[in-house]
Amino acid sequence: MVDDLIRARWEKLTRLRELGVEPYKDGFSVSHSLKAALAEPDGTPVRVAGRLMTLRKFGKLAFAHLQDGSGQGQVSFQADLLPAAEMEQASKLLDLGDVVGIEGFLWTTRKGEKTVQTERFALLSKALRPLPEKWHGLKDGEARARRRYLDLIANEATREVFLRRSGIVSFMRRFLEASDFLEVETPMLQAAASGAAARPFVTRHTALDRDLFLRVAPETYLKRLLVGGLERVYELGKNFRNEGIDASHLQEFTMLEWYAAYWNYRDNMRFVQDLVQSVVREFCAGTQVRFQGQLLEFGGDWPEISYVEAVQEATGIDVLEHSTRESLAAEVQARLPDVDAAAYPSLPALVDGLYKTTVRPRLVQPCFLTHHPAELVPLARRSSTDPRVLDMFQVLVGSWEIVKGYSELIDPEEQYRRMSDQRDYRASGDEETMMTERDYIECMEYGMPPNSGVGLGVDRLVALLTENETLRSVVFFPSLRDDRREERLVVESLAQSGESGDEET
RNA sequence: GGGCCGUUAGCUCAGUUGGCAGAGCAGCAGACUUUUAAUCUGAUGGUCGUAGGUUCGAUUCCUACACGGCCCA
């Protein structure tokens with residue numbers, strides 16, 4: 001059965017067609033955005049277009065608000081200024097949600113509101129489904145994520161989040177380009193899931209008759225470009241990790257990575273701090289951001305915290321004293337009976353698990369976490385002063401890792417050994433490991449310049465700077481389970497109910 | 001994977017200690033030339049997430065499942 005609301009709209013559509021009005025036009029010549037139009041003096045002729053959001057009818061007079069990309073603005077219809085047929089259409093056949101084009105002139109109402117007085121109007125696109133409620137908007141989180149377009153129509157705050165997201169991305173591009181970084185694109189379909197310890201998505205390349213992996217990171221391809229002589233490159237794009245979903249993890253997420261030849265991790269720490277502080281200055285009032293009930297201070301030099309020392313402080317365990325999973329697991333069992341060491345299948349998984357459960361929740365204010373144990377990241381350079389740790393840093397904000405960077409490992413022989421270790425961890429059951437990439441090591445054998453690279457989680461940064469507590473809220477269309485609602489299309493319902501366009505009255 | 005919470009009209013939400021299902025907005029019919037959450041009159045609109053069970057009777061209680069959320073691993 002066709003819903004009454006939809007049937008009423010369908011009948012109007014049918015009536016319009018009977019009157020010779022095409023309800024789905026091919027375009028409309030717009031002279032002003034609503035915002036620009038309403039800034040013009042009274043009497044100015046304008047052509048505006050937008051979605052009908054409100055309609056207040058007074059017999060021979062009507063007021064409406066249209067919404068376009070610039071915001072909302074009032075338009076009016078008066079019987080004595082419009083052709084009779086168009087006044088009839090405006091008052092009888094329009095529905096909230098319809099997209100209309102209006103030709104008219106500016107005037108100011110008695111209440112002082114700038115308004116476009118309609119002289120001619122055209123229905124540009126008929127809406128068959130009703131919009132969310134005009135006052136409360138669309139609140140249901142699932143509906144907002146599944147039908148983001150309705151969220152964008154109904155909730156101004158949602159539009160602002162995504163406009164800010166686009167602004168931040170654009171700003172970071174300009175920032176990198178001002179420092180002579182070249183934007184590049186590298187494969188999302190990769191022969192080996194490399195560049196991060198993560199479980200990949202697998203897909204099938206039919207023409208090449210082989211399996212490929214959706215990239216978990218662009219890292220090794222960007223460093224191949226450094227070998228090729230492109231000294232500063234960046235890539236902004238999606239990565240895919242086939243792992244758990246929560247407030248700070250999406251399986252498809254946006255990463256900004258850059259690499260600079262001849263920089264080390266210290267150079268990148270300065271650069272990252274400058275970049276993030278510049279973004280905060282540009283998009284937030286001042287240097288502070290409110291996030292999960294806390295005030296985060298991005299200004300000044302961020303403190304540096306040693307990974308190993310922080311874990312030792314929190315647990316009493318010096319992870320560098322252990323070279324095997326079994327040895328570390330024994331000490332964890334003895335000191336931290338609450339931690340289930342057996343749940344972590346490899347040495348790096350156990351070290352990382354200790355850090356995530358005991359240290360990371362405490363790292364709220366922006367800080368650098370540095371010098372991670374060497375087995376955690378196979379692509380990072382060991383520290384010259386202590387080869388048990390890496391010349392590496394992460395930026396943590398609100399207990400979220402938003403940046404990871406290091407001096408890159410450029411020694412092919414050591415790279416081979418380190419990748420082999422990953423294979424061993426995988427053999428012991430750790431599914432979040434990096435695959436060996438012989439191509440990449442071959443490339444390193446030609447000589448890779450010393451360099452440092454950084455990956456910045458764009459979704460996380462945007463969530464922080466828009467005061468959203470989950471990444472889902474800053475991604476237009478997050479992945480969800482199948483929608484089990486038996487929602488029929490309007491066009492199918494009408495067909496099955498025996499409706500046709502010429503039996504209406 | 002485990003625990004808890006939620007799912008009622010197109011939207012936002014009430015409600016039923018188990019007994020005819022409620023409001024506002026939207027929609028429908030009508031009035032109205034200065035409204036802006038317009039107003040007024042009238043008539044509408046529901047498989048109470050899905051499937052079972054208990055019961056004279058289930059939207060309400062029980063079980064399973066689906067989807068979503070939060071917390072834990």
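Reminder, nothing fancy here: chain letters follow the sequence lines and each chain counts from 1.
- Atoms CG (Asp4(A)) and P (A43(B)) sit 17 Å apart, rounded to a whole Å.
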Which side-chain N or O atoms in residues 70-78 of chain A pair as donor and acceptor under 3.5 Å with protein atoms at least two apart or in another chain?
unit_1	atom_1	unit_2	atom_2	d
Ser70(A)	OG	Leu34(A)	N	3.4
Ser70(A)	OG	Lys35(A)	N	3.0
Ser70(A)	OG	Asp68(A)	OD1	2.6
Gln72(A)	NE2	Gln67(A)	OE1	2.7
Gln74(A)	OE1	Arg56(A)	NH2	2.9
Gln74(A)	NE2	Thr115(A)	OG1	2.9
Ser76(A)	OG	Trp107(A)	NE1	3.0
Ser76(A)	OG	Gln117(A)	OE1	2.8

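- The backbone N or O of Ile102(A) sits nowhere less than 3.5 Å from a side-chain atom of Thr118(A) that would complete a donor-acceptor pair.
- For the pair Ile245(A) CD1 and C67(B) P, the interatomic distance rounds to 13 Å; values are reported in whole Å.
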Please table the atom pairs, donor to acceptor, closer than 3.5 Å between any side-chain atom in residues 194-201 of chain A and protein atoms at least two apart or in another chain.
unit_1	atom_1	unit_2	atom_2	d
Ser194(A)	OG	Glu437(A)	OE1	2.8
Arg199(A)	NH2	Glu431(A)	OE1	2.5

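- A straight line from CD1 of Ile6(A) to C1' of A26(B) spans 13 Å, rounded to a whole angstrom.
- Using bins of under 30°, 30° to 60° and over 60° for the plane-to-plane angle, the ring pair Phe162(A)/Phe476(A) lands in the parallel bin.
- Nucleotides A21(B) and G57(B) are separated by 16 Å at their C1' atoms, to the nearest Å.
- Remark: Glu156(A) engages Arg159(A) in a side chain to side chain donor-acceptor pair (under 3.5 Å) (not counting sequence neighbours).
- Near RNA chain B, defined here as any heavy-atom distance below 4.0 Å, there are no residues from residues 114-125 of chain A.
- Between the CZ atom of Arg472(A) and the P atom of C67(B) there is a distance of 15 Å, rounded to whole Å.
- If you measure from atom CG of Asp482(A) to atom C1' of G68(B), you get 14 Å, rounded to the nearest angstrom.
- When the side-chain nitrogen and oxygen atoms of Arg9(A) are compared with OP1 and OP2 of A26(B), none of them lie within a distance under 4.0 Å.
- Separation of the C1' atoms belonging to C48(B) and A9(B) is 10 Å when rounded to the nearest angstrom.
- For Ser125(A), the side chain to side chain donor-acceptor pair (under 3.5 Å) criterion is met by no residue, not counting sequence neighbours.
- Side-chain nitrogen and oxygen atoms of Lys356(A) include none within less than 4.0 Å of the OP1 or OP2 phosphate oxygen of A73(B).
- Taking for each of Trp135(A) and Asp246(A) the nucleotide of RNA chain B with the nearest heavy atom, the 5'-most of the two is the partner of Trp135(A).
- In this structure, the side chains of Phe240(A) and Glu252(A) come closer than 4.5 Å at one or more pairs of heavy atoms.
- Spacing between A26(B) and A43(B) at atom C1', rounded to whole Å, works out to 16 Å.
- Between the P atom of C28(B) and the CH2 atom of Trp10(A) lies a distance of 17 Å, rounded to the nearest Å.
- Legend: residues meeting side chain to side chain donor-acceptor pair (under 3.5 Å) with Arg388(A), ordered by chain and number and at least two apart, are Asp386(A).
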Under 3.5 Å between N/O atoms: give me all the protein pairs with nucleotides 5-12 of chain B, atom names plus distance.
unit_1	atom_1	unit_2	atom_2	d
G10(B)	OP1	Asp3(A)	OD2	3.1
C11(B)	O2'	Glu133(A)	N	3.1
C11(B)	O2'	Gly137(A)	O	3.0
U12(B)	OP1	Lys139(A)	N	2.9
U12(B)	OP1	Asp140(A)	N	3.0

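- Residues from residues 99-109 of chain A placing a heavy atom under 4.0 Å of any atom in RNA chain B, listed by number, are Trp107(A), Thr109(A).
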**OP:** Applying side chain to side chain donor-acceptor pair (under 3.5 Å), run through His372(A) and Gln394(A) and close with a yes or a no.
**Re:** CA-CA 9 Å; His372(A) 301 52; Gln394(A) 286 177 297; 2.8 Å; yes

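- Within 6.0 Å of atom CZ in Arg204(A), more than 12 heavy atoms from other residues, nucleotides or ligands are found, so the atom counts as buried in its surroundings.
- If you take CD of Glu469(A) and P of C70(B), they are 9 Å apart, rounded to a whole angstrom.
- Rounded to whole Å, the P atom of C62(B) lies 22 Å from the corresponding atom of C67(B).
- Within the structure, ring pair (Phe, Tyr, Trp, His ring centres under 6.0 Å) contacts touching residues 16-39 of chain A (residues at least two apart or in different chains) do not occur.
- Less than 4.0 Å separates RNA chain B from at least one heavy atom of each of the following residues of residues 55-81 of chain A: Arg56(A), Lys57(A), Phe58(A), Gly59(A), Lys60(A), Leu61(A), Phe63(A), His65(A), Gln74(A), Gln78(A), Asp80(A).
- Scanning RNA chain B for stems, defined as runs of 3 or more consecutive Watson-Crick or G-U wobble pairs whose donor-acceptor distances all fall under 3.5 Å, gives the following ranges: B:1-7 with B:66-72, B:10-13 with B:22-25, B:28-31 with B:39-42, B:49-53 with B:61-65.
- With respect to Glu432(A) and Arg241(A), no salt bridge is recorded, no charged nitrogen being found less than 4.0 Å from a carboxylate O.
- With sequence neighbours excluded, no residue satisfies side chain to side chain donor-acceptor pair (under 3.5 Å) with Gln190(A).
- Ionic pairing of Asp151(A) and Arg148(A) is present here: one or more N-O contacts between side-chain nitrogen and carboxylate oxygen are shorter than 4.0 angstrom.
- The same atom, C1', is picked in U63(B) and in G24(B); the two are 36 Å apart, to the nearest Å.
- A 6.0 Å sphere centred on CD of Glu22(A) holds more than 12 heavy atoms belonging to other residues, nucleotides or ligands.
- When the C1' atom is compared between A51(B) and C11(B), the two are found 28 Å apart, to the nearest whole Å.
- A side chain to side chain contact (heavy atoms under 4.5 Å, CB included) with Leu464(A) is found for exactly one of Leu296(A), Asp459(A), Val474(A), namely Leu296(A).
- In summary, the side chains of His249(A) and Glu243(A) do not present any donor paired with an acceptor at a separation below 3.5 Å, with no hydrogens or angles considered.
- Comparing G22(B) with U8(B), their C1' atoms sit 10 Å apart, to the nearest whole Å.
- Taking the P atoms as reference points, U59(B) lies 15 Å from U54(B), given to the whole Å.
- Arg164(A) contributes a side-chain N or O that, together with a main-chain N or O of Leu465(A), makes up a donor-acceptor pair within less than 3.5 Å.
- In this structure, Glu432(A) places its CD atom 16 Å from P of A73(B), rounding to the nearest Å.
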